[in-house]
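Accompanying notes for the structure given below.
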Amino acid sequence: MWPVRVCTLMFILVAGAGTVLAQHEFTPADIEAGRQQYANTCQRCHGPDGDLIKDADIGHGKFRRGSTDDDLARIIRNGIEGTPMAETNISAPNALTIVAYLRSMATAAGTIASGDAARGKTIFEGKGGCTSCHRVLGNGSRVGPDLSQIGGARRTLELQRSLVDPDAEIVPANRTLKVVTRDGATVTGRLLNQDSFTLQLLDSREQLRSFSKSNLREFSFVANSTMPSYKDKLSSQELADVVSYLASLKGL
Amino acid sequence: MKRALFLIVLIATSLQAQVSNDRLLKSNQEPQNWLTYSGHYNAQRYSALSQITPENVKNLEQQWIFQARSLEKFEATPLVVDGIMYTVQAPNDVVALDAATGRIFWTYSWTPESAARPCCGRVNRGVAVLGDTLFMATIDARLIAIDARNGRPLWNIQIAPPEKGYAMTLAPLVMKDKVIVGTAGGEYGIRGFIAAYDVKTGKEAWKFYTIPGPGEPGHETWPADSNAWEHGGASVWVTGSYDPDLNLTYWGIGNPGPDWNGDPRPGDNLYSCSVVALDVDTGKLKWYYQFSPHDEFDYDSTQVPVLADIQWQGSPRKVMLWANRNGFFYVLDRATGQFLLGKPFVEVNWASGFDAKGRPQRVPGMTPNNQGTLILPGNQGGTNWYNPSFSPRTGLFYIPTWANYSSLYVKQEQEFVEGRTYGGGGPRNTVPQGIRTTVNNFAKEDEGYGAIRALDPHTGEMKWQFKMTDVTDAGILTTASNLLFSGGREGYFYALDARDGKLLWRANVGGRVISGPMTFSLNGRQYVAIAAGNSLFTFALRQ
């Protein structure tokens, strides 16, 4: 039995999802913890937007079974017999953080314009010039993150934000490192690994490079994203098309 | 001539003497061997061997590797007794190796019950020896005596129920006719204890509960109106030390439970997060000092109590040196428990200092809550169980350190259910993607770093530090030739000059070092050994 932390009943109306009962007041920390749990446990089947299972668009508050927070937490822990949704070893508090994340997804959903993935591909490879840095299934540059599976890893909301405001969140592993060698040469690239004595990176010419730190004059991360904002470069429909294309990329 | 040589070898082999109590007491006088988890009862991890020096350490080369048939973390420190090395292949296989070649003499395998549920890996930190008998504590909370010559079990006792979360991961410690262990399980709502067993029979000699029962002093530090004390944790999972002159054995005690929510357990929660000094013969408490009263940050005080005899304010004093997971370095009088010094060795924000008796002064508001409170040091502590070292030669105390490291502490309500985890919330890492493991492309110095820090124990002042990009779970060894050996998560094993922290030598051992280095000598050659990844590596000077 989960001891109820906040007893106030809150009624949240989610567009198109009917009335959802939420018995718990969730904090930003709960939602963030839930986001991580969701990515580790749920995303593979349900997808980053929670909409991959037919009739169970859990990212938009549409559940086949259960409606209260406690119902959902119980289902997350016990699974659903006769379906691929198996029992998990997630603790009751952690299951509730996933519920917190699902609730937050639902309230934030519905703000994305629908786009055309095929048109988005054309923009991605043409006008947008995205392949000069990014690679999709073997086409394009390796300098930026490979996006072949990005649709399975990021919510459409996050994809849109990266396009219009690339500095909003730079995934730590995607930061650009600038290195100045003892003889004055400057190399930039994505840091792939490092230890106390060495650095490994993929440089701007797509070469895997190794540096001994003792041979460097300096090395530091570049503060901002090297990606330009497409806020004013593409129309809102074009942006929606590119987002749709990216969301369709699920790898091989 | 060949026959004569054979005879000599035969005689040398037959001279393998039993490890008497006297040898254990004077183990620092036979530095060719390593007879206890920490090398000697004083737990300094300091060796008198000096063949390897700052000048020639660059000539170290790998001698042999023992690849464990186990993918668990390799946390054991081996023993070496007259040319035979004894270590544990996780979880609970004792292996006897030829210390010259790494070849296996015998293996004793214990398959732990499936009910075993150690919180943090099916690991083991090594064995103890007395006479011809080895002692291993198991993750299903058994203590097993094994014949050191043939690997056959001599006795095997259950000391606590594993289904309730009791487990043992520590190396036992033998003193007199007793073998002493404690139990892990601080995340499962156990009631911790330290207990002594007769070395010949396994019969329990005494038991000291780390949470006092009704009527015992200290019980009043738990709520009177609940049974919180019955499942308040206070585990023991790192080997203690021993002062034979005082007849006291010292043990560090783990966190109270639930770990991150102190609400069900108002009070100081003795003897969680304390060091206890026990009479070896009776198990009676002589004194205690509590580092973190009413801990809410998982600051186990399960560090190795390091015993040193130093000058203290002009006169010789028997002290205990302790760098605690809570971020403070302490000097205590080990005869009385008197608090002599407390000073942060890393960034600390949960306490501002100490009162005259050495009680930490909590900073208001620095407590886990529903949103998450940023606390330094973070959940893994400024240091943890990995052993420090004290070198009487340099007079410095060396600490494997997590510097500038924090966690967000979140409190949640949780009911106690026997055998289940009982944490009441948890820490969240402030470093993106959690604690770093194999790839290190998102670490920044302002997110914390690992280091070896050298402290002057008289003042707590840092004399030098050796910084690492990643954090460290590696222990430290110092030697009479002013060398310091350690490792880290990056997979290096290295030697520093113990006087100034200068890097003198390093070797890539290809896996995380989650153990303490040790040294021994055989046929006139000094070896250093370190477990890393899933293997044990030995090095000696090139011949």
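So that the names make sense, note that chain A is the first sequence line, chain B the second, and so on, each numbered from 1.
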Exercise for review: Could you please spell out the steps behind the side-chain contact (heavy atoms from CB on, under 4.5 Å) verdict for B/Thr469 and A/Lys213?
Suggested key: CA-CA 11 Å; B/Thr469 296; A/Lys213 285 182 178 176; 3.0 Å; yes
**Study point:** Closest non-hydrogen atom pair between B/Lys467 and A/Ser196, with its separation
**Key:** O-OG, 4.2 Å
Exercise for review: Can you measure from OG1 (A/Thr198) to CD (B/Glu490) and round to the nearest 0.5 angstrom?
Suggested key: 8.0 Å
Point to revise | Atom NZ of A/Lys250: over 12 foreign heavy atoms under 6.0 Å | key: yes
Point to revise | Atom NZ of B/Lys73: over 12 foreign heavy atoms under 6.0 Å | key: yes
Review point. Quick one: CE on B/Met468 to CG on A/Asp195, what's the gap to the nearest 0.5 Å?
Key: 11.5 Å
**Study point:** B/Glu61, CD: over 12 other non-hydrogen atoms inside 6.0 angstrom
**Key:** yes
Point to revise | More than 12 heavy atoms from other groups under 6.0 Å of CZ on B/Arg420 | key: no
Review point. Under 30°, 30 to 60°, or over 60°: which ring-plane class applies to A/Phe197 and B/Phe466, parallel, tilted or perpendicular?
Key: tilted
